[in-house]
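All values below come from the heavy atoms of this structure, side chains included, with hydrogens, waters and symmetry mates left out. Chain letters run A, B, ... following the sequence lines, proteins first, then strands; residues in each count from 1.
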2 protein chains.
Amino acid sequence: MPNNQFKKGELYSFVTGKASTAIARRLQKKFNSAGLNLTIEQWSVLYHLWKKEGISQQELCNATFRDKPSITRLVDNLERLDLVKRVASENDRRINLIYLTRQAQKLQEQSMELAEETLNEALETVPADKVDVCKEVLQIVYDNLK
Amino acid sequence: MPNNQFKKGELYSFVTGKASTAIARRLQKKFNSAGLNLTIEQWSVLYHLWKKEGISQQELCNATFRDKPSITRLVDNLERLDLVKRVASENDRRINLIYLTRQAQKLQEQSMELAEETLNEALETVPADKVDVCKEVLQIVYDNLK
DNA sequence: TTTACTTAGTTGCACAAACAACTATATGCC
DNA sequence: GGCATATAGTTGTTTGTGCAACTAAGTAAA
């Protein structure tokens, strides 16, 4: 009976991701208060583009763990907000390379600060070594299921 | 600098809840394969009703960490699937008490087994004491932000 | 080079979430 | 009793997700 230490109440939280839901909601509120007209999902796409832009939608799918239609629509909305641009690849005309606009570049610093602030609030009073264990477990869970 | 052990890449996973997304997706696939015509969100409502039925929609909001419109529509859909029934409270006519149908009672055992199975797959190779730490940290995060 | 297959992206549909605005009922205070 | 306020639930709108079906473009093999 491997790892069957889940009494009923605990099972629920794991499946529904109450903790990450709470984090995302708190961060969304911070975005709204700061006047950033940006959803968490849109931010998560920009997040990867800030690390490396000019990647394809398929690469964004892999990076953000979303399917292709989800990325199509997130890029649609980001394009409407004038935060990214689709540029057809010259080598392979099936591919859209996604680039940041200047406006999106300006959002990076502020939004990342709010994200770090949110995590600090979330992890207040949690000792660093326990945070490390938690990160490690969540990574394994992801690797086991992806 | 409290808990600022978040390098960029790790920040992302925490905010987006990649692990819990992976768990929910895996469980949804198991539901589908088993012919259970049920979303994870619907299951999460039934989950609380299996523990105690005849509670109000507001109590379901608190239990499932959702807002009132979300619960209204989940109950709408569960009612359409003939899994729950709204019964007006006699004491307070604003309140709907939610009861399970016989059909919903029959779903409990099978779906809970699939949920436990999913968690066992997720936590395969993770030592029990690390799982405990992880659960503890996620609970604190939730309490810090809710 | 024509046919089959694969890959990148889009569209349609059903379901869900968050917010604001709304209705109906209950409660508390004068 | 009558008015203000609070609570329970619903509805409308925008955004996002997952699946299936689709188009366009590239690849490989006969």
Ignoring backbone atoms, test whether [X] places a side-chain nitrogen or oxygen under 4.0 Å from the OP1 or OP2 oxygen of [N].
X	N	result
A:Arg93	D:dA24	no
B:Arg25	D:dG18	yes
B:Gln42	C:dA16	yes

Subject >> Residue closer to the 5' end of DNA chain C, A:Gln28 versus B:Leu74 (nearest nucleotide) >> reply: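 Final value for this comparison: B:Leu74.
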**OP:** Please list residues of residues 139-146 of chain A whose heavy atoms come under 4.0 Å from any atom in DNA chain D, ordered by number; otherwise none.
**Re:**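 Correct list: empty, so none.
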Subject >> For the student: nearest non-hydrogen atoms of A:Gly54 and A:Leu97, plus distance >> reply: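 Heavy atoms only, the tightest pair is O-CD2, 3.4 Å.
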Can you check the [X] [atom1] to [N] [atom2] distance for me, whole Å?
X	N	atom1	atom2	answer
A:Trp43	D:dG16	CH2	P	15 Å
B:Asp67	D:dT13	CG	C1'	14 Å
A:Asn32	C:dA17	CG	C1'	14 Å
B:Phe65	C:dA17	CZ	P	12 Å
B:Leu81	C:dC15	CG	C1'	11 Å
B:Arg66	D:dT10	CZ	P	16 Å
A:Leu83	D:dT15	CG	P	13 Å
B:Leu60	D:dA8	CG	C1'	13 Å

Original post:
Which pairs with one or both residues in residues 99-108 of chain B pass side-chain hydrogen bond (donor to acceptor under 3.5 Å, both in side chains), sequence neighbours excluded?
Top reply: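 Qualifying pairs, neighbours excluded: none.
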**OP:** Answer yes or no: is there an ion pair linking B:Glu79 with B:Lys85, defined by an N-O contact shorter than 4.0 Å?
**Re:**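 Salt bridge: no.
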Original post:
Using 4.0 Å as the upper bound for N to carboxylate O, is an ion pair formed by B:Lys135 and B:Asp132?
Top reply: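 Yes.
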Original post:
Is there a donor-acceptor contact under 3.5 Å from the side chain of A:Arg86 to the main chain of A:Asn96?
Top reply: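 Not a single qualifying donor-acceptor pair exists.
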Original post:
Is there a donor-acceptor pair closer than 3.5 Å between any side-chain N or O of A:Glu116 and the backbone N or O of A:Glu113?
Top reply: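 No, because the side chain of A:Glu116 does not come within donor-acceptor range (under 3.5 Å) of the backbone of A:Glu113.
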**OP:** Could you say whether A:Glu41 or A:Asn91 is positioned toward the 5' end of DNA chain D, judged by the nucleotide with the nearest heavy atom to each?
**Re:**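 Residue closer to the 5' terminus by nearest nucleotide: A:Glu41.
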Subject >> pair B:Asn144-A:Glu121: side-chain heavy atoms closer than 4.5 Å >> reply: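 In short, these two side chains do not touch, never coming nearer than 4.5 Å.
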Original post:
With side chains defined as the heavy atoms from C-beta onward, is the minimum distance between A:Ile40 and A:Phe31 less than 4.5 Å?
Top reply: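 The answer is yes, as the side chains (C-beta and beyond) meet within the 4.5 Å cut-off.
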Original post:
Relative to each other, are the rings of B:Tyr12 and A:Trp43 parallel, tilted or perpendicular (30° and 60° limits)?
Top reply: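 Correct class here is parallel.
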Original post:
What does nucleotides 7-12 of chain C look like as a protein-contact string, B for base, S for sugar-phosphate only, - for none, at under 4.0 angstrom between heavy atoms?
Top reply: BBBBBB
